[in-house]
Number of protein chains: 2
Amino acid sequence: MIEGDAPTRRTAPATLHDVAREAGVSLATASRSLNGSARKVNEEYRERVLAAAAKLGYTPNLSAQAVARGTSTTVALLVADIADPYFSSLAAGVVGAAGDDRLIVTMAETKRDSARELELVRAMRGQRPRVMILAGSRDIGDPNAAALEAELTAYEQTGGRAVFVSESDLPFRTLPLANRAGGRDLAVALHELGYRRFTALAGPETLRTAHDRIAGFAEGLASVGAQLPADRLVRSSFTRDGGYDAMRRLLEAGIGDTQLVFALNDVMAMGAMSAIRDAGLEPGRDLAVAGFDDIPTVRDVTPRLTSVRMPLERIGEQALRLALEDGADAASARASSTDVSTEVVLRESTPGPAA
Amino acid sequence: MIEGDAPTRRTAPATLHDVAREAGVSLATASRSLNGSARKVNEEYRERVLAAAAKLGYTPNLSAQAVARGTSTTVALLVADIADPYFSSLAAGVVGAAGDDRLIVTMAETKRDSARELELVRAMRGQRPRVMILAGSRDIGDPNAAALEAELTAYEQTGGRAVFVSESDLPFRTLPLANRAGGRDLAVALHELGYRRFTALAGPETLRTAHDRIAGFAEGLASVGAQLPADRLVRSSFTRDGGYDAMRRLLEAGIGDTQLVFALNDVMAMGAMSAIRDAGLEPGRDLAVAGFDDIPTVRDVTPRLTSVRMPLERIGEQALRLALEDGADAASARASSTDVSTEVVLRESTPGPAA
DNA sequence: CTGTTAGCGCGTTCAC
DNA sequence: GTGAACGCGCTAACAG
């Protein structure tokens, strides 16, 4: 032959029908052999079917199964920003746990836009996911909250299960995160180190997570007789650049007698440390810094960053577990939430005040 | 009423049939109004259908659509480790681009295990994804390569499209990454700064990406008359801990006259810097360090890390574009790959040799 | 342009 | 235990 081989033609995937024919059994038997609930099929047939399936390279069509069964094996995950270490760690947890249950996870990004989030929820409902995990951040006074609640309520009424990671005002299962308690503990620990005058680099005022952390921090200070004055608070976005920018503005305006800067999450803290350095100061020595989340990289920055550990991967796992749990066990959900409690990790970025 | 409200009963999701009935039109008309390709439906009917759909909170069942159409709107993405900044950035790119095309992305983790990867590919085929993006790392001499190729070939013959991010030995569309060229450029740039004696912190010997980067680096050195002796190479895993561990071992064994440590990716470099510090030395001053990838956090470590920029998000986008492209344009694929070219970014971790 | 009908691939009753 | 037949929600001819 002078011409090349005939190009391998595009074929349709093997269907269950093909397998049944190949094995010389009925569709029903083939189905039962490959998935069937109660294994009430002759061993010989069963083997023939399995062999045929292997020979044909058969893979069950998940969509078709979903349609026939009326249930999918999908879990939908919504995060604010996949590239953010906070969310990517959490996602890793969800994906890992999903794999154990042979569930498939689909992912989307809200980009911190609640209108976009609402739209995404609507779109993802088309997949008829078994569960939907909303890990994107909650806004206090979100104008889309009602619409989101309606959408999720409808979703749950049609058999789905929605779970929020971290508190929301919406009436759905929630994996509470110890943002408040963590902030409290951090404040107390820092006070114990001798720090007295703080400034906070906060996220947007309406961001629930930011709100809780700062509130907890203020409570913690109050509990030991200190305080966080309202003017000691710089707002910006909840990102690395937000942290950098807030710190830069703070330095330009003058940090006054501030001893320690509390950035509401680690990526902000890292940005803040860079801003401090760019201003010719040394983080830790000239100005202490603390973060929140304890993402992996804070061990590798200089000085190592004091933070509040959030077991992100475990949180992702727990969120899925909580979603999958049988109805009534709200209690057990609370119980297992001890797994996701926080812990203050003191490091070199808060060596204690110079004096 | 003394008893509470009747509990909202679990209902089945609204179906297209429901919408049609509500709007008083046929199934086909409803279908056409909501999805139909050419909009050849009476405006009045159309509006009635849309209203009915809205009233009923109808969302098309994607699984059913997939079954009926014979095509899904899913793209499957395989990465080694979601929590790794390299992969999470890449994933963000894929998800972003997918959203533009109204595609849904499902994600799974190979955990750098090729057997697991093979299994995952098989499982994901069940979704009948339109495209499959394999971004997990390739192993040279992978014993599962043949099986993977068979699986992917079967997948493509049934209408799917497989795309590899970074070169593999397998005959599928590939988005080439400039690992070799990047290594070369880095070597030349460092040599120009005055560095002459290097040690590399490499990943596993069989890891293709690591191999290419180190080979490129050696080539670059050779091109300017320098070299990387074979014994100047410490193996470990391709992770932060791998970098830390390799550096620790290197320090224990004695770094000799090494001026600069080239870690084959940024997370390794960050681990290495921590190890250097833990040994009482100062990265940059006592020992220069360079990484690869230019992940976001390298701007925030101290000293800022010299690296080779890989536009990870864009790479993710391009991978999807490449997968979605019409048949014959292998050429244009190459062309667009200029978008994903690398660039050396010199920073403080390589200030130039002391002498 | 509209409605009827036949599938898509699979699970599952129901008789045999 | 097995197979035939129906249904899942939807699209795509096919006639009107």
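Naming: A, B, ... by sequence-line order, numbering from 1 per chain.
Among residues at least two apart or in separate chains, side-chain hydrogen bond (donor to acceptor under 3.5 Å, both in side chains) pairs with a member in residues 104-114 of chain A are A:Thr106-A:Gln127, A:Ser114-A:Asp142, A:Ser114-A:Asn144. Counting only residues at least two apart or in different chains, salt bridge (Lys or Arg N to Asp or Glu O under 4.0 Å) contacts with residues 55-67 of chain A comprise A:Glu22-A:Lys55.
Residue B:Gln65 has no polar side-chain atom (N or O) positioned under 4.0 Å from OP1 or OP2 of D:dC10. Regarding contacts with the backbone of D:dC10, every side-chain N or O of B:Asn35 stays at 4.0 angstrom or more from both OP1 and OP2. Applying the 4.0 Å criterion to OP1 and OP2 of C:dC8, one finds that A:Thr15 has every side-chain N and O outside that range.
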Contacts under 3.5 Å, N or O only, protein and nucleotides 4-6 of chain C:
none

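Following rounding to the nearest Å, A:Leu34 (CG) and C:dC10 (P) show an atom-to-atom distance of 9 Å. Per the geometry, CG belonging to B:Leu16 stands 11 Å off P belonging to D:dG9, to the nearest Å. Per the geometry, CG belonging to A:Asn42 stands 5 Å off P belonging to D:dT2, to the nearest Å. Protein atom NE2 of A:His17 is 13 Å distant from nucleotide atom P of C:dG7, rounded to whole Å.
Of the possible polar contacts, one joining the A:Arg46 side chain to the A:Ser33 backbone as a donor-acceptor pair under 3.5 Å is found. A donor-acceptor pair under 3.5 Å is formed between the side chain of B:Thr158 and the backbone N or O of B:Ala154. In this structure, B:Arg173 contributes its side chain and B:Arg161 its backbone to no donor-acceptor pair below 3.5 Å. Put simply, the side chain of A:Glu156 gets close to the backbone of A:Ala162: a donor and an acceptor are under 3.5 Å apart.
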Mind listing the side-chain donor-acceptor pairs of residues 58-72 of chain A below 3.5 Å, one per line with the distance, residues two or more places apart or on another chain?
residue, atom, partner, partner atom, Å
A:Asn61, OD1, A:Ser63, N, 2.9
A:Asn61, OD1, A:Ala64, N, 3.1
A:Ser72, OG, A:Thr74, N, 3.3
A:Ser72, OG, A:Arg128, O, 2.7

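Salt bridge annotation for B:Arg48-B:Glu44: present, with a cationic side-chain nitrogen under 4.0 angstrom from a carboxylate oxygen. For the pair B:Asp169 and B:Arg208, the salt-bridge criterion is met [side-chain N within less than 4.0 Å of a carboxylate O].
Using a 4.0 Å cut-off on heavy atoms, none of the residues of residues 53-64 of chain B approach DNA chain C. Within a heavy-atom distance below 4.0 Å of DNA chain D, no residue of residues 121-132 of chain A is found.
A:Glu117 pairs with exactly one of A:Arg138, A:Glu151, A:Arg122 by the side-chain contact (heavy atoms from CB on, under 4.5 Å) rule, that one being A:Arg138.
Taking for each of A:Val67 and B:Glu43 the nucleotide of DNA chain C with the nearest heavy atom, the 5'-most of the two is the partner of B:Glu43. Sequence order on DNA chain C of the closest nucleotides to A:Arg69 and B:Tyr45 puts B:Tyr45 first from the 5' end.
Taking OG of A:Ser31 as the start and CG of A:Leu16 as the end, the distance is 5.5 Å to the nearest 0.5 Å.
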